[in-house]
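Reckoned from all heavy atoms, side chains included, excluding hydrogens, waters and symmetry mates. Residue numbers start from 1 in every chain, and the chains themselves are labelled A, B, ... in the order their sequence lines are given, proteins ahead of strands.
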Amino acid sequence: MTTVNLLAYRDPELFARLLRRIIPALEEQVQKLGRRVRIMEVCGTHTVSFSRTGVRQVLADFVELISGPGCPVCVTDQSDIDHMIAYAKRPGTVVATFGDMMQVPGSAASLRRQRAEGADVRVVYSPSQAVDLALENPQKQVVLLGVGFETTAPGVALSLKRAARDGVRNYFVYSVHKLTPPALKALVEDPDHRLDGFLLPGHVSAIIGRRGWTLLELLNQPAVIGGFEPLDLVVSVYRLVQEMKRPVRLVVNNYGRVVREDGNPAAQRLLEETFEAAPARWRGFGMLPQSGLEISETYRAFDARVALPVDRPVTKAVRGCRCGEVVKGKETPLQCRLFGTACTPERPLGPCMVSDEGTCSIYYQYERSHHRDRREEPHEDYALARGWRQPDA
Amino acid sequence: MRIMLSHGDGGSLTHELVAQVFRPVFGDELLEEQGDAAVVPSPSGHLAISTDSFVVQPLEFPGGDIGTLAVAGTVNDLAVSGAVPEYLSVAFVLEEGLEMALLRRIAASLARTAAAAGVRVVAGDTKVVERGKGDGIYVTTTGVGRVPEPGRLGFHRIQPGDHVVVSGGLAEHAVAVLCERAGIRFDPPLRSDCRPLNRMIQDLLAQFRGVRFLRDPTRGGVATTLKEVTLGTGLDIQIEEGRLPVRPEVGGALELLGMEPWYLANEGKVLIVVAPEEAGDVTAFLREYPGQELAAEIGRVSAGHGDLWLKTPYGGRRSLGMLSGAPLPRIC
Amino acid sequence: MCLAVPAKVLEVDPTRLRARVDYLGSQTVVGIALVGGVQTGQFVLVHVGEAVQVMDEEQARDGLALWREWLDDSEPAGLP
Ligand code: SF4
C-alpha cells in the first residue's frame, strides 16, 4: 500500500515554485481593483497558519487577510463568558475547559484568575476527559464549557452519549457551540461588507461538507474551502482570486483529501440527535437565528443551563473595545483606541486580543510594523534607554 | 507508610526519616557529621551560587522526576554561568500524607543525578506541611561552584555575526510534563530531556574559546531566552524555523496540542552564542553527548534593535516576544 | 477554529470504538465513533481526541500531482 506523504504539503520548494506562478494572477487582480484583494479567512486556525508559516507576510502586498468569525473565543458573547466564570465560582463545581478559554476576560475576571482564587478549573484536551473527571469526582459537578463549531460539537455530543449510557449524573455541558454558515450569511447580507471573497474553514467543512455552504453559492459569493498547510494556503488564495473573476461562482473545494460533498453524515446525525439548532448570541453580530446548538430534549439532564442554573451575572462591556466590529471584518484593530496601549496580548481587554487567532492579537504581532503609528511603543530604544547598548556612532 | 506532620518537627520521627530515607541515598561524609552547617574546603577565586525551587506536577514523569529536575536545574544554572558545580544543598517541603515510597524514589533519583553530575550534596533540610497546604513535594536546591574564568561569558561578549547553537531537540521536557498533566497518553511516552549538563559544558568551554554566552532555555523555551539576549544586548537575533531541532514525535504531539516548540521548556539543553568560525565544530562536538544528538546551528546575531525574528521556510519572518502566560493545549 | 491533524490508524478496537493512531511518530488513542468502518492503515483527521473524517489518500496524492503538473506545464524552461 502506498502512503501519503503528509509533509508534502509543507514542501518549501514546491511552495516557492507555486508562489512564483501565482503572484502574477494576484497582481493582476490588485491592479484591477486598485487595492489589495480583501479575503476573509473565516477560520481562526487559518489565521494562525497564515501567521505561523509566514505566508501572511509573503502575500501581504497583494492580499489583505481579514479574520472572520471563526475563533470561538472571539465570537463567544461576553454574557456567556461571564456565565462560565460564574460556574467556576459555584461551590462543588469543577469546570472543564479547552485551554483556549482560560485567558478570556469576562466582565470582572477570567477563568485563569478564578483558578488562582481557588476555583477548580481543569484544562482538558478532549470532552471525554471531562466525563472521566466526573467519574473521578462523584461528589462534584463537572461542567464542560462547550465552545466551538461544527467540528468540535460532535466530540461533545459523544461525551453526552457516553454520560447517558453510563449513567454519569454529575456531568454537564454548558453549550455555546455555534454554526458557521449563519454567521457568514449575516456578513454577506450586510450591505456595507467590504470583502472580496471567503476562505472557508476546512475542518468545519469536513463535517458539513461542501454542500453545507450552498447559501454562499445562492448569494454568488466567491468562496474556497481550504486546508491548513502552506501549499493549501497559497493555492486556496489563488483559486479564490480566480473565482472572483467569474460571473457565476461555485464554492470550490480545495481540500479534497478531507472534505466530501456531503461531509460526515454520521457526525451530522449525531449532532441532530444530541443538539437542536437555536438562536445564539454572537459577539459583534448579536442574536443570529438558528446559529447555535442547544442540548436536545433527550439530553436535557446534562444541560448545565437547565440542570445547574447559576445566577445570571451582570455583564459589563469593555468601554471602547471594537471586537464586535473587528470579528465582522468591518473595522481593523487600528481603529480601536485601546489597541496596543491599554489592550495588549499580555493584558487583553477584549477576546480578539486573547487567542493567537484573534485579529487584534494577530495585528499586534504582525501588522504593527506595517502601520507604524503613534501607538507603536518605542521599543527600539529599550536597550539604549537602559544603557545596554551604546548609541550608534 | 505515609509522611506525618511529626516527621518534620525535629524529633525522633525526623531522625528516623533522615536515617531511613535520606542518609542511605546521600551518605556524604559531610552530611554524616550532622552539624548545623556543612564546612567545606573553599577553592580560591570566584564562586557562583545559584538557588532554585522546584514545583512540578506530576512529581514523576517520563524521563525524570522532581528529584532529577532539582539537581539538573541548579547544576545547569551554575554550568551556564561558566562555573564548575561542586556542592549542593537540598531542602524538602513535604505534604502530610505523602507516600513514603514515593519520597524514597525521589530522594534516590536526586542522589543518583547529583552523583552522576559529580556534585556533592552537603546540606539538607526537611519540613512537613499540613495536608492540602502543599503539592506533595517541593524541593529547593542551592548550588555552589567554582568559576575558573570570571567574565568569560556574558551579554557583553556577544557580537553581531555570532552564531546561535542549541544542543539538542526542543520542548522535550515541557511535552512530557504537559501530556502527563493533561492526561494525554502517547505510546511510547514522550520523555523529558531533564539532565545535568555540567560535564558537557566544562568540556565545551575547555575546547572552544569562541563560546561567548550560554543559557539553559528552561521555562519560556528558546524564544524567551533569546529574547532576553536581544533585549539585554540591543542586538537582533534571527532564528530559522527549518533549522530548529525537534524530534519528530515531539513535533507531532505539539501539533496535536497546538503548541510551538520555541516557547516550551527544556531541562537538558543549552543555548550557545559562539563566534562564527567555531559554530560548526561546536555543533559537531555537542552531538557526541547523550541526548544532544540533534544539536544544530539555529540562527545568527546581527546589529539591530533588540528584536528576535523567526524566519519560516516559506519566506516570511515574524517577530517573537517572550512567552506570556503558561502554554496550554488548544483546540483551535 | 479547529485544529486537527491527519493521523494514521495502526490498530482498531471496534467494540470500544477506539483506535491507536500515529501522527509523525507520536502514537496515541483516539475515538472512532464518527468514522464507522475505518480500517487499519487509513488516515483519519483527529480533533479533540476524536477522528472526525477519514482522509482520501487518492485525493491527497492527486491534489499535489495536479499542482505539480500545472507548474511543469506553465513554467518557462530554465527557471530553477
Ligand atoms: S484591541 Fe482589545 S479592546 Fe480593542 S477591539 Fe481588540 S480586543 Fe477589543
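Atom CZ of B:R300 has 12 or fewer heavy atoms from other residues, nucleotides or ligands within 6.0 Å. The local environment of CZ in B:R287 is crowded, with over 12 non-hydrogen atoms from other residues, nucleotides or ligands closer than 6.0 Å. Counting non-hydrogen atoms of other residues, nucleotides and ligands closer than 6.0 Å to CZ of B:R219 gives a total of 12 or fewer.
Using a distance-only test at 3.5 Å, with no hydrogens or angles considered, a donor-acceptor pair links the side chain of C:T28 to the main chain of B:R185.
Nearest heavy-atom pair across C:S26 and B:A253 is OG-N, 3.5 Å.
Rounding to the nearest 0.5 Å places CG of C:L3 at 9.0 Å from CG of B:L257.
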